[in-house]
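Just so you know, ligand 1 is whichever comes first in the structure, and atom 1 is the first atom listed for that ligand. Given the structure is predicted, the values throughout are model-derived calculations rather than measurements. Position 1 is the first residue of the sequence, and the numbers go up from there.
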Amino acid sequence: MVIVMAADATQKEIEHVVERLHELGFKTHLSTGIERTIIGAIGDEKPLRDEPLEAFPGVEKVVPIMRPFKLASRIFKEQDTIVDVNGIKIGGNRIVLMAGPCAVESYEQVMETARAVKEAGALILRGGAFKPRTSPHKFQGLGEEGLKILAQAKEETGLSIVTEVMSPQHVEMVAKYTDIFQIGTRNMQNYMLLQEVGRTDKPVLLKRGMSARVEEWILSAEYILDMGNFNVILCERGIRTFETYTRNTLDLNAIPLVKQLSHLPVIVDPSHGTGRRSLVIPMARAAIAAGADGLLVEVHPNPEKAISDGPQSLIPEEFGRLVEEVKRVAEALGRQV
Ligand code: PEP
Ligand code: MN
């Protein structure tokens with residue numbers, strides 16, 4: 001349920017409503033808009049049958065939220081959420097490019113990629129140090145050593161970092177090195193992990209589960225918001241369908257749909273979304289045309305030698321072309337890259 005306060009409601013009136021909601025056992029979240037404050041109340045709504053909140057001074061109306069997600073909903077917060085990563089605004093007019101290798105393999109590999117993607121226009125460097133591989137026999141990532149390489153690349157290039165965290169026990173350690181926590185497709189419903197990153201105030205890039213419906217995906221974001229962390233970026237990365245020519249089917253519908261349902265920024269990963277290098281640029285263009293706020297792209301200086309995801313990794317030169325093409329689409333829409 002949300003309580004919409006009148007435009008001229010005083011701070012005291014807002015506090016009074018919040019206090020009463022707490023007494024009735026609700027958890028509250030405030031959304032302070034330009035015009036008015038909205039109070040999101042989460043809890044059992046039964047006690048409110050005998051307590052007409054509309055009668056409280058300063059209350060304009062009480063709106064039940066019928067959707068299962070509340071805090072992530074546009075009804076609770078009408079304006080787009082803009083996630084700030086070291087001054088880089090994700091969810092605003094500017095399209096933010098994140099690029100880098102699937103996995104951190106060595107200092108040289110990361111540095112070569114980082115310099116190239118920065119030169120092309122990326123602001124954020126991606127790279128997995130903890131790799132959730134389908135097979136336990138495959139490379140699992142360099143772990144903390146990989147995080148140190150990313151931190152060095154940040155120091156030398158000024159790029160911000162996004163990297164995956166796989167377990168609640170690792171959140172504190174990964175937080176020391178990264179600017180954005182990435183939650184991978186396989187962990188979208190790892191609720192303990194979602195709650196743990198929700199206890200921090202660091203931005204979280206939440207990938208869509210490969211078999212998750214949009215509602216389940218937004219509910220996973222709700223777990224993070226519910227712990228108090230509203231810095232969530234949703235990332236569409238393709239879902240499983242009957243089609244096997246491509247690794248996944250990139251669900252472009254999800255971009256405008258999620259933006260209608262939620263205030264959170266949405267970015268797209270055309271690398272995992274297609275699994276094929278030749279499809280990455282066309283789908284990057286399509287994602288921006290559909291309203292995505294950014295892209296997460298795998299780039300490797302030598303994809304044939306990549307330890308993971310070589311077939312979908314662009315070489316730096318191709319990433320440069322992607323940026324140029326995406327820029328043209330963005331400009332047609334009145335946005336910048
Ligand atoms: C990745 O970004 O390298 C990755 C493992 O992605 P996903 O979780 O979408 O498979
Ligand atoms: Mn990958």
Side-chain angles (χ1 to χ4, degrees), residues 96-105 109-110 113-114 117 122 124-136 138-143 146-147 149-150 160-167 170 174 178-190 193-194 197 203-212 214 216-217 220-221 232-241 246-251 254-255 258 266-277 279-280 283-284 287 292 294-315 319:
V96 177
L97 302 178
M98 313 182 186
C102 176
V104 173
E105 297 168 10
Q109 170 240 18
V110 169
T113 317
V117 300
I124 297 173
L125 175 67
R126 63 146 291 148
F130 291 92
K131 295 304 302 176
R133 304 305 295 279
T134 302
S135 163
K138 289 195 169 158
F139 179 61
Q140 303 287 309
L142 294 179
L147 297 175
I149 294 175
L150 290 170
S160 291
I161 302 295
V162 57
T163 196
E164 180 157 357
V165 58
M166 284 173 56
S167 123
H170 284 164
V174 175
T178 198
D179 300 294
I180 307 175
F181 290 120
Q182 177 173 322
I183 306 284
T185 193
R186 293 163 184 80
N187 271 318
M188 188 205 81
Q189 286 179 312
N190 181 340
L193 177 61
L194 300 177
V197 294
V204 181
L205 188 155
L206 177 64
K207 287 198 160 196
R208 179 178 181 179
M210 61 182 90
S211 302
V214 162
E216 292 165 325
W217 183 23
S220 285
V232 176
I233 305 150
L234 297 168
C235 178
E236 164 63 42
R237 50 78 69 202
I239 50 173
R240 288 206 159 153
T241 66
T246 48
R247 182 176 178 181
N248 290 291
T249 297
L250 187 66
D251 182 9
I255 306 163
V258 171
V266 181
I267 71 158
V268 167
D269 172 352
S271 308
H272 294 87
T274 60
R276 286 175 175 243
R277 181 176 309 128
L279 303 179
V280 171
M283 294 316 279
L295 296 170
L296 180 72
V297 183
E298 286 187 341
V299 178
H300 195 287
N302 193 350
E304 301 92 88
K305 294 252 168 69
I307 299 181
S308 64
D309 288 348
Q312 69 192 32
S313 297
L314 302 182
I315 56 169
F319 181 67

Any Lys/Arg nitrogen of D309 or R247 sitting under 4.0 Å from an Asp/Glu carboxylate oxygen of the other?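 A salt bridge is present here (some side-chain N lies under 4.0 Å from a carboxylate O).
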When you check the gap from the basic side-chain N to the acidic O, do E236 and K207 get nearer than 4.0 Å?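 No, no charged N to carboxylate O under 4.0 Å.
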Could you tell me whether the side chain of E216 reaches within less than 4.5 Å of the side chain of M188, counting heavy atoms only?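 A side-chain contact under 4.5 Å exists here.
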Just so I know, are the side chains of R277 and P303 near enough to count as touching, which here means a heavy-atom distance under 4.5 Å?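 When only atoms from C-beta onward are counted, P303 and R277 do touch, with a gap below 4.5 Å.
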Is [X] reaching over with its side chain to a backbone N or O of [Y], donor-acceptor style, under 3.5 angstrom?
X    : Y    : answer
Q109 : A103 : yes
R208 : T185 : no
Q189 : N187 : no

Between ligand 1 and the protein, tabulate every N or O atom pair separated by less than 3.5 Å, reporting distance only.
unit_1   : atom_1 : unit_2 : atom_2 : d
ligand 1 : 2 (O)  : R126   : NH1    : 2.8
ligand 1 : 2 (O)  : R126   : NH2    : 3.3
ligand 1 : 2 (O)  : Q182   : NE2    : 3.0
ligand 1 : 2 (O)  : K207   : NZ     : 3.1
ligand 1 : 3 (O)  : R126   : NH2    : 2.9
ligand 1 : 3 (O)  : K131   : NZ     : 2.9
ligand 1 : 3 (O)  : H272   : NE2    : 3.3
ligand 1 : 3 (O)  : E298   : OE2    : 3.2
ligand 1 : 6 (O)  : K207   : NZ     : 2.9
ligand 1 : 8 (O)  : T185   : N      : 2.8
ligand 1 : 9 (O)  : K207   : NZ     : 2.8
ligand 1 : 9 (O)  : R237   : NE     : 2.7
ligand 1 : 9 (O)  : R237   : NH2    : 3.4
ligand 1 : 10 (O) : R186   : NH1    : 3.3
ligand 1 : 10 (O) : R237   : NH2    : 2.9

Give a yes or no on this: more than 12 heavy atoms of other residues, nucleotides or ligands lie within 6.0 Å of atom CZ of R133.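 Enclosed.
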Please list, in chain and residue-number order, the protein N/O/S atoms closer than 2.8 Å to the Mn ion (ligand 2).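 Less than 2.8 Å away from the Mn ion (ligand 2) sit C102 SG, H272 NE2, E298 OE2, D309 OD2.
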Looking only at side chains, do R186 and T134 share a donor and an acceptor under 3.5 Å apart?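 Indeed, the side chains of R186 and T134 share at least one donor-acceptor pair under 3.5 Å.
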